[in-house]
There are 2 protein chains.
Amino acid sequence: MLDPRKLHLLRELARRGTIAAVAEAVTFTPSAVSQQLSALEREAGVRLLERTGRTVALTPAGHLLVEHAQAVLEQLERASAALAAVRGGPSGPLRIGAFPTAARVLLPPALATLTGAHPGLEPMVSEIDPADVSAALRAGELDVALVHEYDFVPPVTDASTETEPLFTEPMYLTDRPSVAAARADAWIMNKPGTLCHTMAIRACQAAGFEPLVRHHIDDFDTVLAFAAAGQGVALVPRLAAVNPPRAVRLTRLPLSRRTLAAFRRGNGEHPAIRAAIAAFHTALPHLPL
Amino acid sequence: MLDPRKLHLLRELARRGTIAAVAEAVTFTPSAVSQQLSALEREAGVRLLERTGRTVALTPAGHLLVEHAQAVLEQLERASAALAAVRGGPSGPLRIGAFPTAARVLLPPALATLTGAHPGLEPMVSEIDPADVSAALRAGELDVALVHEYDFVPPVTDASTETEPLFTEPMYLTDRPSVAAARADAWIMNKPGTLCHTMAIRACQAAGFEPLVRHHIDDFDTVLAFAAAGQGVALVPRLAAVNPPRAVRLTRLPLSRRTLAAFRRGNGEHPAIRAAIAAFHTALPHLPL
DNA sequence: GTCGAGCATAAGGTGAGCTTAATCTCGAAC
DNA sequence: GTTCGAGATTAAGCTCACCTTATGCTCGAC
């Protein structure tokens with residue numbers, strides 16, 4: 001019988017590309033991962049990996065098996081979720097990931113509702129950029145996460161995660177009437193690698209220019225303070241712009257950001273996940289949207 | 001992560017009812033099965049079994065998990081079948097089960113076609129009554145089996161097996177124009193526990209009487225010889241009645257028997273299974289139907 | 001009451017799977 | 001060309017999961 005643990009490693013390899021990265025993700029040594037994948041190949045009776053230069057790549061058979069692995073792991077997730085539901089109401093640790101703005105604005109009221117309704121639940125929150133959420137969910141470091149996606153950024157589709165939409169908010173630009181009007185300005189953006197950074201770059205490119213990025217700042221309060229001090233222009237979402245400094249003028253753009261709850265595919269009926277998403281929804285009316 | 005091996009044991013327990021029977025089916029000791037199921041309960045965090053008198057029964061949670069186990073094992077089966085397909089054409093050992101008549105009439109030409117088309121295939125045939133096929137498939141003792149079902153016998157539905165119909169044949173009665181006309185006769189039937197025996201009893205009951213069973217004989221040639229010797233009446237399928245003894249008159253009844261190929265759910269795309277079923281089909285025109 | 005079937009627990013041996021350490025290869029920097 | 005580091009594999013050893021044997025317990029049949 002195929003071993004789901006090995007299938008999990010193969011799936012991680014498909015996503016991460018190197019055995020070393022897989023090993024780090026599951027906190028094994030690369031040696032262990034290599035041995036497990038060799039064993040899987042032996043059982044499969046087909047070459048699944050092939051060395052390409054300094055790293056390994058999946059053969060077509062490997063990719064085929066990854067798809068089946070996904071289906072198997074999803075069913076196992078479903079089974080676990082069903083057991084959790086049978087055990088009773090939501091309880092135990094629940095690892096929640098959230099992008100910084102959500103952690104500041106949405107989570108405090110949501111967690112209050114959540115722990116109020118389910119005293120046995122122990123939510124544990126980590127700030128995390130949406131770009132890293134899929135990997136963290138797969139690795140079991142998170143159970144549910146708040147992520148966002150932008151018009152300009154194709155949603156990161158990962159076969160192993162599923163999402164439920166929560167709300168949509170508009171984007172604002174500081175001190176300029178449109179992105180195109182900020183062609184010559186210095187820009188304040190989030191750190192490279194974050195979804196917000198990618199979005200801002202794409203928005204400028206869509207307006208026909210490459211932005212001149214001067215500052216890399218993740219915290220939107222700081223971003224606005226910089227803008228107020230005349231250090232550049234920035235794109236900020238509604239939630240981050242509730243109390244802007246006096247000196248900053250905000251223009252609403254025809255650009256929106258969607259916030260969603262993400263979780264491992266198959267785990268959507270887990271009572272703790274359901275309770276968390278319900279709590280997120282109860283917190284929405286309290287948001288300054 | 002839930003262990004499919006343990007889930008398999010739980011599923012077997014649901015079908016067989018006792019830990020001892022499961023142990024025998026998987027050739028473990030009862031102790032090992034007991035330990036594995038205890039471990040599964042611990043991981044599940046719910047009672048799955050409860051002692052009822054001298055044996056154990058599944059709790060509602062246990063039954064729920066069995067359904068999920070079925071889905072998981074099916075996906076694993078699918079993955080294995082996909083790997084077998086990727087490995088290339090059908091090859092290796094293929095365990096075939098067949099009821100006696102099929103083994104005598106259908107298998108010889110079918111196996112000739114099969115091994116002719118796929119020299120790497122090593123078919124291994126075991127005679128087996130259709131009533132025992134599901135268990136043998138689940139246990140991995142068989143990969144594909146020829147089974148039959150009768151009008152009077154509800155098909156044995158097992159969530160873990162799947163079937164494809166092959167052909168239908170009529171039933172014949174010896175020396176009497178109808179089952180009802182054989183009310184007072186001595187009957188020659190198959191051994192109790194076989195599907196044919198159950199069918200014959202039901203057919204008599206449907207005609208309004210309990211048959212007087214005198215002989216229990218599985219081989220239809222012998223059955224017909226007994227009938228020819230005036231030792232009783234019998235129901236025989238078309239395939240078993242191609243060259244009846246002179247002294248026996250056969251009457252075709254409005255009663256039919258369907259022959260099907262059975263295999264583990266999820267394994268239907270396994271190349272060896274597909275090749276076997278294809279070979280069964282090529283052999284059908286050679287049958288004296 | 002006695003006996004056997006069925007299950008659970010204790011104790012022990014074996015193998016799967018992890019770690020560490022060493023080796024090999026590739027690619028980039030100089 | 002040489003060096004170096006990243007990535008992968010292999011060897012050797014250790015731990016733990018898991019199966020077996022042995023034993024005991026409980027229930028139901030006779």
Side-chain angles (χ1 to χ4, degrees), chain A residues 1-59 61-63 65-66 69 73 76 135 139-140, chain B residues 1-59 61-63 65-66 69 73 76 135 139-140:
Chain A
M1 189 179 329
L2 292 170
D3 181 353
R5 287 163 25 91
K6 299 193 179 79
L7 293 177
H8 177 229
L9 294 178
L10 186 71
R11 182 180 68 170
E12 285 304 303
L13 182 65
R15 302 257 188 281
R16 299 181 188 268
T18 73
I19 289 184
V22 174
E24 202 214 330
V26 299
T27 55
F28 283 174
T29 58
S31 172
V33 176
S34 175
Q35 290 178 49
Q36 290 295 298
L37 291 176
S38 295
L40 182 61
E41 265 190 315
R42 202 179 325 119
E43 294 160 26
V46 199
R47 297 292 305 168
L48 300 172
L49 281 59
E50 55 188 358
R51 305 210 36 168
T52 63
R54 208 163 41 174
T55 123
V56 293
L58 267 64
T59 64
H63 279 111
L65 187 53
V66 165
L73 295 169
L76 280 170
Chain B
M1 188 179 334
L2 291 170
D3 180 354
R5 286 164 27 90
K6 299 193 178 78
L7 294 177
H8 177 229
L9 294 177
L10 187 71
R11 183 180 69 169
E12 285 304 303
L13 182 64
R15 302 257 188 280
R16 300 180 188 270
T18 73
I19 289 183
V22 174
E24 204 213 330
V26 298
T27 55
F28 283 173
T29 58
S31 172
V33 176
S34 176
Q35 288 178 53
Q36 290 297 297
L37 291 176
S38 296
L40 181 61
E41 265 189 316
R42 203 179 324 120
E43 293 161 26
V46 199
R47 297 290 305 168
L48 300 172
L49 282 59
E50 56 188 357
R51 304 208 38 167
T52 63
R54 207 163 39 174
T55 141
V56 292
L58 267 65
T59 63
H63 280 110
L65 187 53
V66 166
L73 295 169
L76 281 171

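Just so it is clear: chains get the letters A, B, ... in the order the sequence lines come, proteins before strands, and each one is counted from 1. Computed from a prediction, not measured in an experiment: that's the story for all the values here.
Spacing between atom CD of A:Glu41 and atom C1' of D:dT9 amounts to 12 Å, rounded to whole angstrom units. B:Glu50 has its CD atom 14 Å from the P atom of C:dC7, to the nearest Å. Following rounding to the nearest Å, B:Leu49 (CG) and C:dT9 (P) show an atom-to-atom distance of 12 Å. Residue B:Gln36 contributes atom CD, which lies 14 Å from atom P of C:dT9 at whole-angstrom precision. Rounded to a whole Å, the CG atom of A:Leu40 is 15 Å from the P atom of C:dA16. Spacing between atom CG of A:Leu37 and atom P of D:dG7 amounts to 16 Å, rounded to whole angstrom units. Look at CZ on B:Arg54: it is 12 Å from C1' on D:dC30, rounded to the nearest Å. In this structure, the CZ atom of A:Arg5 is 7 Å from the C1' atom of C:dG17, given to the nearest Å.
By the 4.0 Å N-to-carboxylate-O rule, B:Lys6 lies close enough to B:Glu43 to be salt-bridged with it.
Across C:dC18, D:dT9, D:dC19, the shortest atom-to-atom separation from the side chain of B:Phe28 is found for D:dC19. If you check C:dT9, D:dT10, C:dA8 against the side chain of B:Arg51, the one that comes closest is C:dA8. When each of C:dT20, D:dA8, C:dC7 is scored by its nearest atom to the side-chain atoms of A:Ser31, the top-ranked nucleotide is C:dT20. Here the nucleotide nearest the side chain of B:Thr55, chosen from D:dT9, D:dC27, C:dC7, is C:dC7. Side chain of B:Gln35, nearest nucleotide from C:dC7, C:dA10, D:dC18: C:dA10.
Of the two residues contacting DNA chain C, namely A:Thr52 and A:Pro30, the nearest-nucleotide position lying further toward the 5' end is that of A:Pro30.
Closest heavy-atom contact between A:Thr52 and A:Ala57: CG2-CB, 3.7 Å. The minimum heavy-atom distance linking A:Gln36 with A:Leu9 is given by the pair CB-CD1, 3.5 Å.
Close to D:dA8, at under 4.0 Å from its OP1 or OP2, lies no side-chain N or O of A:Ser34.
Separating the CD atom in B:Gln35 from the CG atom in B:Leu40 is a distance of 13.5 Å, to the nearest 0.5 Å.
Base engagement by B:Ala32 is indicated by at least one non-hydrogen atom pair under 4.0 Å involving a base atom. If you check every strand for non-hydrogen atoms under 4.0 Å, B:Thr18 touches sugar and phosphate atoms only. Residue contacts shown for B:Val56 are limited to sugar-phosphate atoms, with no base heavy atom under 4.0 Å away.
Of the possible donor and acceptor atoms, one in the side chain of B:Glu41 sits under 3.5 Å from a partner among the backbone N and O of B:Leu48.
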